[in-house]
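Here's the structure, in structure tokens; my notes come after.
Keep in mind that this is a model prediction, so the values were computed, not measured. To find a chain, count down the sequence lines: A is the first, B the second, and so on, and within it residues start at 1.
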Amino acid sequence: MRTRRLAPLALLAVGSLALAACGSGGGDGGDGGGGGEALDSLSIMAPYFSATPPEDDDPVGAKLSELAGLDLDMQWVPNAEYGDRTNVVLAGDEIPDVMVIQQKSQGFVQTAEAGGFWDLTEYLASGDYPNLVTENPDVQQASSVNGKVYGVYRARDVVRTSITIRKDWLKNLGLEEPTNTDELMALAKAFTEDDPDGNGKDDTYGMIIPAWGASIGTGSPYDAIETWFGAGNVWKDEGGQLIPSFTTPEWKQALDYEKQLIENGYVNKDYATMDGSTQWNEPFLNGKGGIIIDVQSRASQLAGLFKEKDPKTYDQFVALQGNIAGPNGDFALPTPGYSGFLAVPKASVQTEEQLKQVLTALNELSSTEGQVLENNGIEGDNFTVEDGFAVNDESKQDYTDLVSGSWAQIGTNVAGYEAYKPKPETEYDAELEQERVDLQAKDLEKAVFNPGAALVSETYMTNGVQLDQVIADARIQYISGQIDEAGLDAAIAQWKSSGGDAVTAEMNELYGQLG
Amino acid sequence: MTAVVDVEQAGTPAPAAPPAPRRPHRGWARVVRYRWLLVMMLPGILYFLLFRIWPMWGAQIAFKNYVPFLGIQGSEWVGWHHFQEFFSNPDFPRLLGNTLILAALSLFVAFPLTIVLALLLNEVRLSVLKRTVQTLVYIPHFLSWTVVVSLTALLFAIGTGPLSSFLDGLTGTETNYLADPDWFRPLILLQTIWKSTGWGTIIFLAALASVDQEQYEAAVIDGAGRWQRTWHITLPAIRPTIIVMLILQTGEILNTGFEQIYLMSNALNRTVADVFDTYVYFTGIQQGAYSYSTAVGLSKAIVGLVLIFGTNWLAKRFNQQGIF
């Protein structure tokens, strides 16, 4: 009998969100701190990219603990699921002392605004922690939530967007690296139709584009092309007013360009489903596609893969080009200059004394010695220093990869990158690296920054993701020919009516306040 | 379910004992009498209390602006705000439609196929063949959705997959089956059929085994053919099983699709692929919109409840016993 009556109730429970189950914790959880006494260990939650996370008795970890003056208690999370885990951890009881926050998600921003994270603005500006004082205030501002700095950002190169091209195909066809979007289109056409690999078969295409998440302004090839066309970078300042980039005529012009690439077959056919994390390099390596719009390190990564195949000829396959001019001017798509930040939750670090302890530890971790440990490893063990460069011990390459794929993730380098760069093994490596540096300097001058980077609007916080998805999906549907221009306009209208207008108004209000 | 049925059946012979003088203690006497059955029910009751009823306390965050740092008690009460937002969102009709269409496909196409397969297997007289086939059709059940979706991706990869090449050859056009919104539902349905039909036959085969053989013999003497025997004897005999399975299936339907659908969706087919569960994952886990996604989850539960009661009501209308 009882079971019967419970049936409908149980069903309701089955259906309701599993989240609810984890959500019962109060704000008083947290480990480490407990009361107000000094911390004796520092728990840090961070993502890792390496095949496995470091062991508990990792030598770099031991040295970093020594340096920080606190035992590091690392909680490693695979990068692919880091965003999910962040939101689950925020809703749970076991909150670490320091969390790498990768994006200003609703979960994070709401918690921060409710006082769940320490506002570090004053502490960082005080100068008490010299290694945490930014060398680039604009980037720190961009990492803030409406001007409040909740974390020490993890510095990244500002210019990374680039075009990687099959060098041998260029040579075979007697073509030059493209300098504007028309030439890029022509190159994609030639790579598709003119048999660039000279095997007499119609088995190549121009550009390799993987599936991208349902978001806009995340450094996708589409975003890059749109910026080159002059659509701005997520937001565009027009006469002191912010407008979303996708409401500009330049954006539509760029979409038509992208549509043309796809329609003419200059792009891989599975552009909507290809897994970018595992399959992006493959067509380039196997001689199927010849152009990749992505970050600069894609070029060195590909060169490395060619090297594995044949170290003698590997220097003939990869050419690097930076941001190119569009029909409306010459623009470059920069990164935000940071990749997330290290924030300090109040649930675990409860007093100012404890916070100062944490900041002192982070300051040490960002020192030159700390950076070398995080990025290079242990000098004399897995690498040695020659002419100011790191030379990795080949027999310990696995360990070097482990270090750079994990410990580097807790490095901030806000006051400048001090660790050793790897020593180029060959002239070609050095050349590629030099080209990268040159392009960075050149593209920085024409970089179009997102004027709304630091601003978080109330409405965007509640349904920004769904709003972004409307546009991102409409974009790819339009490019693929699934919807026409009327459909695209309808999607933009839907964006506006379901909250977009409010977002724009709020962003402009904040924009006015922060100047 | 079986526990309940047992208690009921065990209850029927009770009138044989003199009932009158025990009236005041009847409830307690029953408890004492069936104490071991009740003890056996305890784990089940505990399970529901702990994992089903208790978490519902947390479902109240659907009515609040839940910020974990402030705790459930400390978060601001906003009433129906998140529900209003969801129901007025253009996503809502789309999610509801997609969810119901997929549920309907599974109920009206995949489910009857299970019965058909069970009937076919039941007709096989060669037991070696029957057992081999049974084992073979059970196997897909043990593969995870990740594997099934990877297989599909390989088979239907544009230009290179064997099945997509074959279909392209038939139609003369090149279609990206994995990204085409028109192909999303057929693929989902195919996968569901492939993976779960075999396993679903188990209960029906058990029911079929208990059909009175004398009826068949009598029918044969009366000159009934195979179809007639199936239609007039087999199907009516397993009808109660079908109804119960149907109702149970309806309850499960809104919960099972997540992995499969999430893995199969992409930018081009999302208009038909988004269902309640993927949306909850997207807004709740990925974006940390805790309250809003809980409200969506609760709305889904209500749809599930309506479906269950609907099926049960239909079952009763057709003069069958419902499950409650």
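Considering every non-hydrogen atom in both B:Tyr290 and A:Ala91, the closest pair reads CE2-CB, 3.7 Å. Across all non-hydrogen atoms, the minimal contact from B:Leu268 to A:Gln482 is O-NE2, 3.3 Å. Of all the heavy atoms in A:Asp473 and B:Ala267, the pair that sits closest is OD1-O, 3.8 Å.
Contacts of B:Phe276 with chain A are absent, with no heavy-atom separation under 4.5 Å from either backbone or side chain. For B:Asp182, no part sits under 4.5 Å from any heavy atom of chain A, backbone or side chain. Residue contact with chain B, scored on non-hydrogen atoms closer than 4.5 Å, is absent for A:Glu81. Using a 4.5 Å cut-off between heavy atoms, B:Gln60 does not touch chain A at all. Using a 4.5 Å cut-off between heavy atoms, A:Gln469 touches chain B through its side chain atoms alone. No part of A:Ala211 comes within reach of chain B, as not one of its non-hydrogen atoms sits under 4.5 angstrom from that chain. Interface remark: A:Tyr271 contributes side-chain atoms only to the contact with chain B (heavy atom separation under 4.5 Å). Using a 4.5 Å cut-off between heavy atoms, B:Thr283 contacts chain A through its side chain alone, with no backbone atom that close. For a residue to count as touching a neighbouring chain, one of its non-hydrogen atoms must lie under 4.5 Å from one of that chain's; by this rule A:Thr111 touches chain B with backbone and side chain alike.
Listed options A:Gly115, A:Gly464, A:Pro345 were ranked by heavy-atom pairs under 4.5 angstrom with chain B; first place goes to A:Gly115. Heavy-atom pairs under 4.5 Å with chain B were tallied for A:Met461, A:Gln477, A:Gln106; the largest tally goes to A:Gln106. Of the listed residues (A:Leu90, A:Val470, A:Asn268), the one with the most heavy-atom contacts under 4.5 Å to chain B is A:Leu90.
To the nearest 0.5 Å, atoms CG (B:Asp274) and CD (A:Gln466) are separated by 10.0 Å. The OG atom of A:Ser498 sits 8.0 Å away from atom CG of B:Asp91, with the distance rounded to the nearest 0.5 Å. Rounded to the nearest 0.5 Å, atoms CD1 (B:Ile285) and OG (A:Ser105) are 11.5 Å apart. Considering CD of A:Gln110 and OH of B:Tyr66, their distance stands at 11.0 Å, rounded to 0.5 Å.
Taking a 6.0 Å sphere around CD of B:Glu174, one finds it holds more than 12 heavy atoms contributed by other residues, nucleotides or ligands. In A:Lys496, the NZ atom is not crowded: 12 or fewer heavy atoms of neighbouring residues, nucleotides or ligands sit closer than 6.0 Å.
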Report task. Dump the intermediate steps for side-chain contact (heavy atoms from CB on, under 4.5 Å) on A:Asp84 and B:Tyr281, then the final yes or no. Result -> CA-CA 9 Å; A:Asp84 293 8; B:Tyr281 172 73; 2.4 Å; yes
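With B:Asn266 contributing its side chain and A:Thr273 its backbone, the two residues share no donor-acceptor pair below 3.5 Å.
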